[in-house]
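Note sheet for the following structure.
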Amino acid sequence: MKKTRRILSLLIVVALASLGLAACNGDTADEQVFQIGIINFLEHPALSAAYQGFLSVFEEQGINAEFDYQNAQRDAATLATIADRFVNNDVDLVLAIATPSVQAMHTATYTIPIVGTAITTYVGAGVVYSNEAPGTNVTGASDMNPIEAQIDMIFDFVPHLQTIGIIYSSNETNAVYQAGIAIAYAESLGLTVEVGTVTATAEVQQNALSIANRVDAIWIPTDNTHADAMPIIGQVSIDTGVPVFPGEENMVMNGGIATLSIDYFELGRQSGLLAIEILLHGGNPATTPIVFGKDLSLEYVVNGFMVEALGITVPERFMGAIEFPE
């Protein structure tokens, strides 16, 4: 399952020239040191895994780069300040982690190449014209979930499912987009859908409790607000006996039952490969299609503590996916 990785220091130098390794363009690794800005929206295990995956590509390929890692801690003004910092420093490329980060960077510059990761819909975020031909200085890897498969999976754990709750942050583009797909699919299955939205973490507990009292199960997208609040949601789940099925495995391990999730480390690696194509091989973000993580690597994960707490019988085919939170 997902590997645990330590967050690297704010300034990371991956320098393998002393070992005589060659850079991907055939020149020696000490001929150029790329300056790369990394802008993260907030600290969260999935976003951190994507960050580490990105770095791993540079290290494995022996590419000299200095990484200026900055975290906005969910603050829009800080995002703008970080974006301006990277523009003023004239970095060679920016990795933007999560939707608000890529939006802030795209607002700040139309020329510096931007590679995104852990972003659901680049079109919906307003930073590209299409997935096939972005047409801007932005490309990247999408963490779009296999939403229909996730909802199908809920029936395995809740065979009597008739009413499903869908809760999400209405001010997060990625969450609104995923929720729309989930609602339409659930309704096509004949399920009654109860929708609850929030705009801040402080609203999560009451909203989750209100929805839980009216449904058989709850589904949540890969939503930054709810990802932060999963321990609260997990307690609501235990108190009401209503199982919660988030869109990502770290959210599951913090209070959900199960999911079918992409691997965020591998997602970050895909963004790293895109960055290298741009830096070393003349790749152009405007003509580089968005990569979709759901086509790369998917895995089931089941929270052993939560299924025991709710008395849920785990179907045989999911037994190998059971993990217990550390």
Side-chain angles (χ1 to χ4, degrees), residues 1-40 43 45-71 82-83 85-98 101-102 105 109 111-119 134 137-143 262-293 295-297:
M1 290 307 202
K2 188 170 292 293
K3 314 162 189 71
T4 301
R5 299 177 178 85
R6 180 171 62 85
I7 302 297
L8 301 183
S9 60
L10 298 184
L11 184 63
I12 302 169
V13 180
V14 181
L16 298 180
S18 61
L19 300 179
L21 299 178
C24 291
N25 62 353
D27 298 326
T28 57
D30 61 352
E31 287 185 353
Q32 182 173 8
V33 178
F34 294 106
Q35 303 298 317
I36 298 177
I38 299 179
I39 179 171
N40 194 3
E43 291 294 344
L47 303 185
S48 297
Y51 167 44
Q52 298 295 336
F54 179 86
L55 295 178
S56 73
V57 176
F58 284 79
E59 184 171 9
E60 289 168 7
Q61 298 198 19
I63 297 170
N64 268 6
E66 292 182 352
F67 298 90
D68 184 1
Y69 175 83
Q70 300 291 323
N71 191 305
I82 296 169
R85 169 195 177 99
F86 292 157
V87 172
N88 291 336
N89 289 345
D90 194 25
V91 298
D92 296 305
L93 181 140
V94 173
L95 172 70
I97 306 174
S101 298
V102 78
M105 276 311 314
T109 177
T111 56
I112 295 174
I114 301 167
V115 174
T117 198
I119 295 159
N137 60 324
V138 178
T139 188
S142 167
D143 66 351
I262 66 172
D263 185 327
Y264 275 78
F265 183 82
E266 291 302 322
L267 186 75
R269 284 183 55 79
Q270 291 301 313
S271 296
L273 292 172
L274 291 172
I276 288 172
E277 180 65 26
I278 293 167
L279 293 171
L280 295 181
H281 306 298
N284 184 351
T287 57
T288 302
I290 303 299
V291 175
F292 281 84
D295 297 327
L296 303 174
S297 177

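Being a predicted model, the structure only gives us computed values, none of them experimental.
The backbone N or O of Gly53 sits less than 3.5 Å from a side-chain atom of Ser56, completing a donor-acceptor pair. Ser142 places no side-chain N or O within donor-acceptor distance of the main-chain N or O of Val291, the cut-off being under 3.5 Å. Under the 3.5 Å distance criterion, the side-chain polar atoms of Asn137 are matched with a main-chain donor or acceptor of Ile112. Distance alone, capped at 3.5 Å, places no donor-acceptor pair between the Thr288 side chain and the Thr139 backbone. A donor-acceptor pair under 3.5 Å is formed between the side chain of Asp263 and the backbone N or O of Phe265.
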Does the ring pair (Phe, Tyr, Trp, His ring centres under 6.0 Å) test come out yes or no for Phe34 and Phe58, once each step is laid out?
CA-CA 11 Å; Phe34 294 106; Phe58 284 79; 7.7 Å; no
Go through Val33 and Glu66 one step at a time and tell me if the side-chain contact (heavy atoms from CB on, under 4.5 Å) criterion holds.
CA-CA 7 Å; Val33 178; Glu66 292 182 352; 3.7 Å; yes
Before you tell me yes or no, could you show the steps for Glu43 and Asn71 under side chain to side chain donor-acceptor pair (under 3.5 Å), namely the whole-Å CA-CA distance, both residues' side-chain angles and the distance that decides it to 0.1 Å?
CA-CA 7 Å; Glu43 291 294 344; Asn71 191 305; 3.0 Å; yes
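Once rounded to the nearest 0.5 Å, the distance linking CG of Asn40 with OG of Ser48 reads 6.5 Å. To the nearest 0.5 Å, atom NE2 of residue His281 and atom CD1 of residue Ile276 are 7.5 Å apart. The structure places CD1 of Ile82 at 7.5 Å from OG of Ser101, a figure rounded to the nearest 0.5 Å. Leu273 contributes atom CG, which lies 9.0 Å from atom CD of Glu60 (distance to the nearest 0.5 angstrom). Here the OG1 atom belonging to Thr117 is positioned 7.5 Å from the CG atom belonging to Asp143, to the nearest 0.5 angstrom. Rounded to the nearest 0.5 Å, atoms CG (Leu95) and CG (Asp68) are 12.0 Å apart.
Inter-residue side-chain proximity for Ile278 and Leu93 is flagged as met; some heavy-atom pair is nearer than 4.5 Å. Side chains of Val115 and Pro285 form no contact here, defined as non-hydrogen atoms less than 4.5 Å apart. The side-chain heavy atoms of Met105 and Ile114, taken from C-beta on, include a pair separated by under 4.5 Å. Side-chain contact between Gln52 and Tyr264 is absent, with no heavy atoms from C-beta onward closer than 4.5 Å. Here the side chains of Val91 and Ile36 are not in contact, with every heavy-atom distance at 4.5 Å or above. You'll find the side chain of Leu280 reaches within 4.5 Å of the side chain of Ile63, heavy atoms only. Within the 4.5 Å cutoff, the side chain of Ile38 has heavy atoms near those of the Leu55 side chain. A 4.5 Å side-chain heavy-atom check between Arg269 and Phe54 finds every atom pair outside the cut-off.
Note on ring orientation: taking the six-membered ring where Trp is involved, the planes of Tyr69 and Tyr51 are parallel (angle under 30°, cut-offs 30° and 60°).
When only modelled atom types and interatomic distance are considered, Gln35 and Asn89 share no side-chain donor-acceptor pair under 3.5 Å.
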